[in-house]
Amino acid sequence: MKLLAPALLLATLSALNGCTAMPSSKAHDATLPAPQTQYDARIVQPENNTVLTPEELAQRLVNTDVVVVGEYHGHHGSHLLQSRLQTALYRLHPEQILAMEQFNLDHQDELNRYLQGEIGETEMIEDAGAWDNYRASYRPLVEFARQQNLPVIAANAPADVVRCVGRKGPEYLSGVSDTIKQKLPADPFMDTPAYREKFMAAIGASHQADDTMSERMENTYKAQLLRDNTMAARILQARKEHPGHQVLHLTGTFHSEEGLGTVALLKQRAPEVSVAVVSPVFWPSDVNKPPLNQNREKGDFIYFIQPLPDEFREAERERKAMQARFSRSTDKTCD
């Protein structure tokens, strides 16, 4: 693969948190219509090609300790399925925890204040650093949890710490405050070989890269591992604090598909915990049959959704936009 320019590396990492597109191809497995709108999701159990409704999916997952639903960030087909599955699981297993990549652990207190009715939604969005698409994508999930008095876990590592690990390396953690350090997991860079290989391939790493770029890519990978390890540890902590509860975890699909990332680390840290992965796959509406065969290993269950529209068609305009996103990140310093 082509090696990315340094100025685009971190922007690419951001895309990896859920926006890696799946190629479409011909397949002949499940019999179901292609998604017709951006809100449609067609669910399949790959091991037997069974087509499922969200309610039928919930029935299969009711006894699973941790249900991980991967998403393409900002895709309403993903978010609508997550909301429907949340409701269906709750009806079968009301002891539920919502864990979210979309909030960072250093903002758990602000999120709790909102859940307890102490602050309003806009105050929570500002104080807890909610994502820009919170209202359109995640509000229904958080509101359901709030109305049912369910815990919501800010599962991700602090954004500033992740950014600075990516910039300066793992040793940056030695200088963070004790308050943050105590909230981060033990062994924050626990790894699995298959995930490393996938990550490096996705960002275009090459054995021919010069030493500076190799170090930068290694640090970028460590930042990714910090996210995954933190999410795994936060999920397990939530289960310890709420015995008997089922965890519904929302995350970008790169963190969970093929049982890698957060999922692999969950299993390493707690082999006794049962985990199921629900992964998205793009299926363009003009392709007759679902691209299932080559995507069977993506998850225990697959849901097909339409691809998002192209952000750019003009390469130079895309390059400038990526550089602008990167420059906003580099404006912040790492003390």
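- Counted by atom type alone, Gln116 and Asn112 present zero donor-acceptor pairs between their side chains at under 3.5 Å.
- Atom CZ of Phe254 is separated from atom CD of Gln224 by 6.0 Å, given to the nearest 0.5 angstrom.
- For residues 236-287, no residue pair satisfies the disulfide bond (SG atoms under 2.5 Å apart) rule, not counting sequence neighbours.
- Ring geometry for Tyr138 versus His79: interplanar angle over 60°, hence perpendicular rather than tilted (30 to 60°).
- Under 3.5 Å, the side chains of Glu123 and Tyr114 contain no donor-acceptor pair of N or O atoms.
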> Stepwise, does the side chain to side chain donor-acceptor pair (under 3.5 Å) test hold for Gln96 with Gln246?
Replying inline: CA-CA 5 Å; Gln96 185 184 89; Gln246 181 180 57; 4.8 Å; no
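- Side chains of Ser83 and Phe144 form no contact here, defined as non-hydrogen atoms less than 4.5 Å apart.
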> Taking it one step at a time, do Arg113 and Glu110 satisfy salt bridge (Lys or Arg N to Asp or Glu O under 4.0 Å)?
Replying inline: CA-CA 5 Å; Arg113 290 187 66 203; Glu110 292 86 351; over 6 Å; no
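- A single hydrophobic cluster is not seen to contain both Leu61 and Val66; linkage of ILVMFWY side chains at heavy-atom distances under 4.5 Å, directly or through other members, places them apart.
- Note that the CG atom of Leu52 and the CG atom of Leu85 stand 11.0 Å from one another [nearest 0.5 Å].
- Panel note: side chain Glu258, backbone Lys298; no donor-acceptor pair is recorded below 3.5 Å.
- Looking at every heavy atom in both residues, Phe304 comes nearest to Pro291 through CE2-CD, 3.7 Å.
- Linking Ile, Leu, Val, Met, Phe, Trp and Tyr residues whenever their side-chain heavy atoms come within less than 4.5 Å leaves Met100 and Ile97 in two separate clusters.
- Rounded to the nearest 0.5 Å, atoms OG1 (Thr251) and CE (Met231) are 4.0 Å apart.
- Taking each heavy atom of Pro188 and Asn229 in turn, the nearest pair found is O-ND2, 3.0 Å.
- Residue Arg146 qualifies as enclosed at atom CZ: its count of foreign heavy atoms under 6.0 Å is above 12.
- Counting only residues at least two apart or on different chains, the side-chain hydrogen bond (donor to acceptor under 3.5 Å, both in side chains) pairs with a member in residues 175-194 are Asp191-Tyr221.
- The minimum heavy-atom distance linking Asn295 with Val281 is given by the pair ND2-CG1, 3.5 Å.
- Every residue two or more places apart in sequence or in another chain was checked for a side chain to side chain donor-acceptor pair (under 3.5 Å) with Thr87, and none qualifies.
- More than 12 heavy atoms of other shown residues, nucleotides or ligands fall within 6.0 angstrom of atom CD in Glu95.
- Residue pairs meeting the disulfide bond (SG atoms under 2.5 Å apart) criterion with at least one partner in residues 61-177, sequence neighbours excluded, are Cys164-Cys334.
- Side chains of His73 and Trp131 form a contact here, defined as non-hydrogen atoms less than 4.5 Å apart.
- Under the 4.5 Å side-chain heavy-atom criterion for Ile, Leu, Val, Met, Phe, Trp and Tyr, Ile153 and Met124 are members of distinct hydrophobic clusters.
- A donor-acceptor pair under 3.5 Å links the side-chain atoms of Gln306 to the main chain of Pro35, judged by distance alone.
- Shortest non-hydrogen contact noted between Gln86 and Leu141 is NE2-O, 3.0 Å.
- Under the side-chain contact (heavy atoms from CB on, under 4.5 Å) criterion, Pro33 pairs with Arg42, sequence neighbours left out.
- For the disulfide bond (SG atoms under 2.5 Å apart) condition, no pair includes a residue of residues 41-107, sequence neighbours left out.
- One finds the CG atom of Leu236 at 10.0 Å from the CG atom of Leu265 (value rounded to the nearest 0.5 Å).
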> Can you list the steps and then say if Glu297 with Glu257 is a side chain to side chain contact (heavy atoms under 4.5 Å, CB included)?
Replying inline: CA-CA 8 Å; Glu297 304 304 316; Glu257 65 184 15; over 6 Å; no
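- Under the 3.5 Å distance criterion, the side-chain polar atoms of His75 are left unmatched by any main-chain donor or acceptor of Tyr72.
- Considering all non-hydrogen atoms of both residues, Ala88 and Pro54 come closest at CB-O, 4.1 Å.
- Taking CG of Leu81 as the reference point, atom CG of Asp40 lies at 11.0 Å (rounded to 0.5 Å).
- Using a 4.5 Å cut-off on side-chain heavy atoms (C-beta onward), Val44 and Thr50 make no contact.
- Applying the disulfide bond (SG atoms under 2.5 Å apart) test to pairs two or more places apart or on separate chains, none has a residue in residues 261-291.
- A 6.0 Å sphere centred on CG of Asn48 holds more than 12 heavy atoms belonging to other residues, nucleotides or ligands.
- Both Tyr134 and Leu248 are part of a single hydrophobic cluster, where members link through side-chain heavy atoms under 4.5 Å apart.
- Listed here is the closest heavy atom pair of Leu266 and Ala232: CD2-O, 3.6 Å.
- Residues in residues 54-64 take part in no salt bridge (charged side-chain N to carboxylate O under 4.0 Å, His left out) pair, two or more places apart or across chains.
- Counted by atom type alone, Gln82 and Glu71 present one or more donor-acceptor pairs between their side chains at under 3.5 Å.
- Shown here are the salt bridge (Lys or Arg N to Asp or Glu O under 4.0 Å) partners of Glu47, two or more places apart in sequence or in another chain: there are none.
- Distance CG/Leu173 to CG/Leu226: 6.0 Å, rounded to 0.5 Å.
- For residues 126-141, the salt bridge (charged side-chain N to carboxylate O under 4.0 Å, His left out) pairs, not counting sequence neighbours, are Glu121-Arg135, Glu121-Arg139.
- The stretch residues 230-251 participates, sequence neighbours left out, in these salt bridge (charged side-chain N to carboxylate O under 4.0 Å, His left out) pairs: Asp65-Arg239.
- Applying the ring pair (Phe, Tyr, Trp, His ring centres under 6.0 Å) definition to pairs two or more places apart or across chains, none involves residues 158-194.
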